[in-house]
Amino acid sequence: MIVGIDLGTTNSLVAVWREGAPQLVANALGSFLTPSVVGLDDSGQVLVGDVARERLQTHPQLTSALFKRYMGSAHEVRLGKCTFRPEELSALVLKSLKADVERAFGEPVTEAVISVPAYFSDAQRKATRVAGELAGLKVEKLINEPTAAALAYGVHQKEETTFLVFDLGGGTFDVSILERFDGVMEVRASSGDNFLGGEDLDDALVQSFLERQGAGLPDTSQPLLRHRLRREAQRVRHALGQEGSATFSLRDNDREWSEVFTPDQLRQALEPLLERLRGPIERALRDARIRVADLDEVLLVGGTTRMPLVRKLVAGLFGRFPSMHLNPDEVIAQGAAIQAALKARDAALEEVVLTDVCPYSMGIETTQQVGERYDTGFYLPIIERNCVVPVSRVEQVETLHDGQREVLVKIFQGESRMVKDNIFLGELSVAVPPRKAGEVSLDIRFTYDNNGLLEADVSIPLTGVNHRLIIENNPGVLSREEIAAKLKTLENLKIHPRDQQVNSMIVARLERLYQECLGEVREYVARLANDFQRVLDSQDERQIREVRGSLNERLDQLDRGF
Ligand code: ADP
Ligand code: MG
């Protein structure tokens, strides 16, 4: 049996071709969306999906998310005593999806079509194939995410067409312009923003709530309140898709703070972020040398495009309504399943892939002045992910302190705001003439070529001195022997039993609440946890089911501060 898989940064989905249409398959918790989060439980068993995501906060050392951003690099993630490469973590997500389909249809799943972003480089594509192999899947084909969207929306049925795919997910924004011509689908341009997605909108909404409340709030940097605020922001953001207004409330120790948000107020709160959607669109159009009027269609992809606000903005930008008769977070998996069906009939859509791109953003560490304080560790990208190679870009930075004699240029690759979450590539110490802060500027030029060589040139216009560092960027593709060894290790890992996931989800939520709460509420959570453990120990399925229902409601209330 062959499946289509959307291996996403935030969520992954699997679909199969049944009775002439793609059909999504639910996971053990009944959801089509499996969070792309992997963890180990206290006995070393592997957890994937919602349960793992629930433990991100309580067990950060044992849980990992967003690893798609590291695909194709040699970056390793440590979970407890084990280390994992990004393709291994992806393999565990794939295994979980595979098990869901096998459970639903009672047939072994042996092959898959997996989607990848259009800008994925050769190394990132190879890593995705390896992930499939490690999960016991023969990867029949990788399909570009925007191409998968085109298949799901039926755009491929037109002989000649040019369209734009607008994909706003949990943490990334991707724009692609595709053309179908002479029976081949070609990605003409791809652009995006790595720091723009639903979760960033949630942060902005939290900020707006805090500003409107002003003083009088408790310390909202506490993990419990942070968590509540972000959850609440997401709830409000989703609710405003259907309702004329929604109340954002924060509860803590019998006190409550709330603000009503209308769609218009939501728009205001998110305006600065929404503004940032324009740039990548313009860049993609420019790169593809296409005018808005030449586009036959605009396709919406990604959960965040469910927001009416985003849809309106897209309609405004393109002067027409986008295609939106499908669930935007499901279309990629559907398209992958269609490609899988075509493949089985030997009629797969031909694609031209775009791999002559720089796979990661590369940049330097910077310091920001916040009032009197200097905060360091911020990432300043110089070459941005997915620009066509060879590429050369320059950024200017200045000295920070009076009389400063040296600047240390630290070079990183990755997509995280803070350099500690990116991969360190090398550093260069540069002597500068002592002047007042900000008076000496440095031009930092990055040049990246097709061979994965990064050249960093630092020049000081004031003195005319130049420094150079060449970094050979190991793309980190595993060898056959390494794959064989990884297969063995993965086989030896115990996967948390599927039929216990519903219960484990409750245990994980109780643990998180215990960690977040204090005093009486904490004692109450401990009591709930003990009681639930006793019911679990009884192994009485009916009783477990009953308790589970009411407990889930209670947990929802606790999460909202009741
Ligand atoms: P990715 O492609 O990054 O893996 P998805 O396409 O699944 O992720 O998008 C996840 C994002 O979609 C989350 O930030 C979530 O808040 C957002 N989202 C899902 N449903 C809705 C909705 N009804 N309204 C607004 N945002 C939504
Ligand atoms: Mg996606």
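Quick note: residue numbers are just sequence positions, from 1. In listed order, ligands and their atoms are each counted from 1.
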Notebook entry, point to check: Would you say the side-chain atoms of H496 and Q501 include a donor-acceptor pair closer than 3.5 Å?
Noted result: no
Check: Counting from 1, what ligand 1 atoms have a heavy atom of T9 closer than 4.0 Å?
Finding: 4 (O)
Item checked: No-hydrogen, no-angle side-chain donor-acceptor test under 3.5 Å, Q124 and S121 -> yes
Check: To which protein heavy atom is atom 14 (O) of ligand 1 closest, and what is the distance rounded to 0.1 Å?
Finding: G198 CA, 3.4 Å
Margin query: Centroid separation under 6.0 Å, is that true for the rings of F261 and F209?
Written below: no
Next item on the list: Could you tell me the residue and atom name of the protein heavy atom closest to atom 7 (O) of ligand 1, and the distance to it rounded to 0.1 Å?
Entry: N11 ND2, 2.8 Å
Check: Which residue and non-hydrogen atom of the protein lie closest to atom 23 (N) of ligand 1, and at what distance in Å?
Finding: R306 CD, 3.4 Å
Check: Can you list the atoms of ligand 1 that are under 4.0 Å from a heavy atom of T10?
Finding: 1 (P), 3 (O), 4 (O), 8 (O)
Notebook entry, point to check: Who's the nearest protein heavy-atom neighbour of atom 6 (O) of ligand 1, and how far?
Noted result: G303 N, 2.9 Å
Margin query: We want to know whether T262 and Q265 form a side-chain donor-acceptor pair, criterion being a heavy-atom distance below 3.5 angstrom.
Written below: yes
Checklist line | Lys/Arg N to Asp/Glu carboxylate O, R276 vs D200, below 4.0 Å | finding: no
Notebook entry, point to check: Does a side chain donor of either N144 or R125 reach within less than 3.5 Å of an acceptor in the other side chain?
Noted result: yes
Margin query: Applying ring-ring contact (aromatic ring centres under 6.0 Å, His included) to Y153 and H325, what does each step give before you reach the verdict?
Written below: CA-CA 8 Å; Y153 277 108; H325 49 280; 5.3 Å; yes
Note to self: Considering both backbone and side-chain atoms of G170, is one of its nitrogen or oxygen atoms within less than 3.5 Å of a nitrogen or oxygen in ligand 1?
What the structure shows: yes
Check: How close does the nearest protein non-hydrogen atom get to atom 26 (N) of ligand 1, and which residue and atom is it?
Finding: R237 NH1, 3.1 Å
Check: Near G302, which atoms of ligand 1 are under 4.0 Å from a heavy atom of that residue?
Finding: 6 (O)
Check: Can you list the steps and then say if K138 with E140 is a salt bridge (Lys or Arg N to Asp or Glu O under 4.0 Å)?
Finding: CA-CA 6 Å; K138 179 162 182 285; E140 269 298 330; 2.9 Å; yes
Next item on the list: Before signing off on this row, confirm whether G169 and ligand 1 have an N or O atom pair separated by under 3.5 Å.
Entry: no
Checklist line | Shortest reach to atom 21 (C) of ligand 1 by a heavy atom, considering only E145, K68, H238 | finding: H238
Next item on the list: Check ligand 1 against G8 and write out every atom of the ligand that is under 4.0 Å from a heavy-atom position of the residue.
Entry: 4 (O)
Next item on the list: For Q234, counting its heavy atoms only, list the atoms of ligand 1 lying under 4.0 Å from any of them.
Entry: 15 (C), 16 (O)
Checklist line | Heavy-atom pair of closest approach, residues A52 and L47 | finding: CB-O, 3.7 Å
Checklist line | Option whose closest heavy atom lies nearest to atom 17 (C) of ligand 1, chosen from T304, L240, L7 | finding: T304
